[in-house]
Amino acid sequence: MAATKKSGVTSNSNSPNWIFYDSIIEKEDIRPFIDCMTCGKCVGDCIAAKNSEFNVRTIIRKILEGNRDDLISGDEIWRCFLCDLCTIKCPKTIEIKKLILILRKYALQAGKGCNFLKYIVGFPRSFLEKGLIVPHINKNLREQLGLSPEITLSEKTKKELTEIIEKTNQKKDLQEFLKRCGD
Amino acid sequence: MVLMQNQMEKLKKIPESGEIFLFRSCTITSLYPSVEVSTRKSLKALNFKILESNEQTCCMDPLYYSNLATDLQLTAVMARNLSIIGKYSKNIVTECNGCFSTLITATKNLKNLKIRHEIEPLLINLGYQLVNGFNIIHIAELYYKVLPNILKLRKIDLSGIRIATHYGCNFLRAHPEDIITDPQIPTLLETIIQKCGGTPVTYTEQDCCCGAGIIQRNINPDLSLEVSFQKMKSLSKFSPELIITICPFCMSTLENCQYNIAVEKDLELSIPVLHISELIAIILGFDPQSELALDSHEINPLPILKKLRPIVEEKHSKKS
């Protein structure tokens with residue numbers, strides 16, 4: 001793939017279309033990854049690639065071809081284990097984990113991904129209620145071991161946490177997420 | 001262990017005793033009290049004073065990696081935590097890879113002026129201020145630093161039992177320049193195990209994720225199990241009697257997957273999985289059952305631990 005820029009060209013599978021790539025680099029805090037050599041080291045050791053359709057090299061190619069919709073609406077990006085094996089092997093140190101999270105963010109913004117993330121609604125729920133991500137607590141065992149039976153945050157902390165997550169819009173984001181992906 | 005410059009510098013800053021702030025892990029406190037009690041007893045025996053705060057919130061690692069917290073949102077919550085912790089100590093110790101990784105992410109984000117300018121007014125409004133200059137220390141690194149003391153104080157020898165290690169992705173590779181062991185060929189745990197009399201076992205899928213992939217157990221359970229299976233298959237070829245890990249989430253995954261692997265993949269394994277704190281507590285002589293409740297694990301480690309022999313007191317000879 002030649003690294004020449006042609007703006008506004010409609011995508012066909014062999015020519016680059018920079019609109020999507022450019023928008024990622026402009027809006028997101030990620031280092032430019034145009035210098036991907038397509039060496040495939042990211043795929044070689046990838047545990048998700050061994051067991052599913054997930055393929056980082058293809059994903060980067062799709063980005064450089066401007067193929068946004070395919071990536072955002074597909075299941076592929078949700079297979080990544082975020083394990084960073086690819087990042088540490090990449091000869092260009094491309095921030096692959098960050099890229100996957102960015103693509104997932106776009107998918108969620110487009111209303112996709114709930115079919116996956118609905119299985120983890122417990123995390124944000126617990127966080128909004130208690131400020132801790134605690135599914136349940138083994139009170140008896142804690143008491144048996146001489147530990148405090150419950151872990152709860154002080155009222156002062158809960159108030160401060162609420163104020164912070166309100167001001168950073170996290171509370172709103174989580175509530176919207178729960179409405180969309182929760183029951 | 002041969003160290004690079006950055007690893008040497010971090011190792012020097014790790015304290016050998018005295019006050020440290022223990023960053024509370026949600027997973028350990030709620031699901032694995034045996035790890036919590038092991039950490040508390042080990043650190044006390046090793047002359048550390050644990051400082052902690054009930055004002056400390058969750059590290060938000062599961063939210064951050066599920067796209068439910070942006071960098072700004074994560075850093076705002078963590079900046080408040082850091083501001084509180086700063087009043088206690090600059091040495092933060094954590095028993096969990098998730099907490100370790102988000103603590104470092106937040107500390108790095110706070111060096112970004114744009115993020116700092118957004119967060120500082122929030123904190124000042126609540127009566128806090130931005131604090132930096134922390135040493136984020138994983139408890140495995142702390143144990144490595146005080147290994148000479150562990151060897152002096154130990155009551156139980158690991159008696160040659162075969163032990164496989166699993167470090168976890170969030171420790172080795174989320175911030176590879178901020179750990180004291182090599183991210184690609186780590187030897188921290190192997191050194192501890194060997195010096196304490198055990199036999200570290202190497203296996204092909206050492207680097208492989210435990211299968212949790214943060215949320216893969218929930219969102220792609222078949223894929224997650226397949227990865228855990230490949231890890232356990234590789235590991236089992238070398239017949240370890242125990243698996244040691246440094247993250248409660250990895251520990252839970254490697255423990256829980258064995259039942260499913262027996263049912264779905266026809267590979268019957270029953271290898272107990274312990275956290276490094278539990279291993280150190282055993283080595284220091286705490287009773288695995290009455291003091292540490294290690295039999296609360298899904299796969300009971302007590303039968304293996306019965307093989308361990310006590311250290312014979314030899315005051316005239318030096319064990320190194």
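We name chains A, B, ... by the order of the sequence lines, and we start the count at 1 in each one.
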Measure distances from [X] to the heavy atoms of chain A and classify the residue's part below 4.5 Å as side chain, backbone, both or neither.
X	result
B:Gln216	side chain
B:Glu205	side chain
B:Leu122	side chain
B:Ala174	both
B:Ile119	neither
B:Asn220	side chain
B:Arg217	neither
B:Tyr32	neither
B:Gln56	backbone

Give, as side chain, backbone, both or neither, the part of [X] having an atom under 4.5 angstrom from any heavy atom of chain B.
X	answer
A:Ile88	both
A:Phe177	side chain
A:Lys89	side chain
A:Glu160	both
A:Phe123	both
A:Leu85	both
A:Lys118	neither
A:Asp173	side chain
A:Thr87	neither
A:Ile151	side chain
A:Gln144	side chain
A:Ile100	neither

Hey, which of [options] has the most heavy atom pairs under 4.5 Å with chain A?
options	result
B:Pro33, B:Cys169, B:Ala293	B:Pro33
B:Arg40, B:Lys231, B:Arg24	B:Arg24
B:Met60, B:Glu291, B:Glu118	B:Met60
B:Ser34, B:Gly211, B:Pro176	B:Gly211
B:Val227, B:Asn112, B:Val37, B:Asp207	B:Val227

At their closest point, which heavy atom of [X] faces which heavy atom of [Y], and how far apart are they?
X	Y	value
B:Cys209	A:Phe81	SG-CD2, 3.9 Å
B:Asn54	A:Thr152	ND2-O, 2.9 Å
A:Leu117	B:Ser66	CD1-O, 3.7 Å
B:Thr57	A:Leu132	C-CD2, 4.2 Å
B:Arg173	A:Cys83	NE-O, 2.8 Å
A:Arg142	B:Thr29	NH1-O, 2.9 Å

Distance, nearest 0.5 Å, that separates [atom1] of [X] from [atom2] of [Y]:
X	Y	atom1	atom2	value
B:Thr70	A:Gln170	OG1	CD	7.0 Å
B:Leu63	A:Ile165	CG	CD1	9.5 Å
A:Ile120	B:Tyr65	CD1	OH	14.5 Å
B:Ile219	A:Asn115	CD1	CG	9.0 Å
A:Leu145	B:Lys41	CG	NZ	8.0 Å

With a 4.5 Å heavy-atom cut-off, do [X] and [Y] have their side chains touching?
X	Y	answer
A:Lys167	B:Asn125	yes
A:Ile47	B:Cys208	yes
A:Thr157	B:Arg80	yes
B:Asn67	A:Leu101	yes

Taking B:Gln73 for the side chain and A:Ile164 for the main chain, is one N or O donor matched with an acceptor at less than 3.5 Å? no
For the interface with chain B, which of [options] has the highest count of heavy-atom pairs at distances below 4.5 Å?
options	result
A:Leu153, A:Leu161, A:Asn138, A:Asn169	A:Leu153
A:Lys139, A:Lys159, A:Arg104, A:Lys105	A:Arg104
A:Asn51, A:Leu82, A:Thr168	A:Asn51

Tell me whether A:Lys50 is salt-bridged to B:Glu226, with the criterion being a basic N under 4.0 Å from an acidic carboxylate O. no
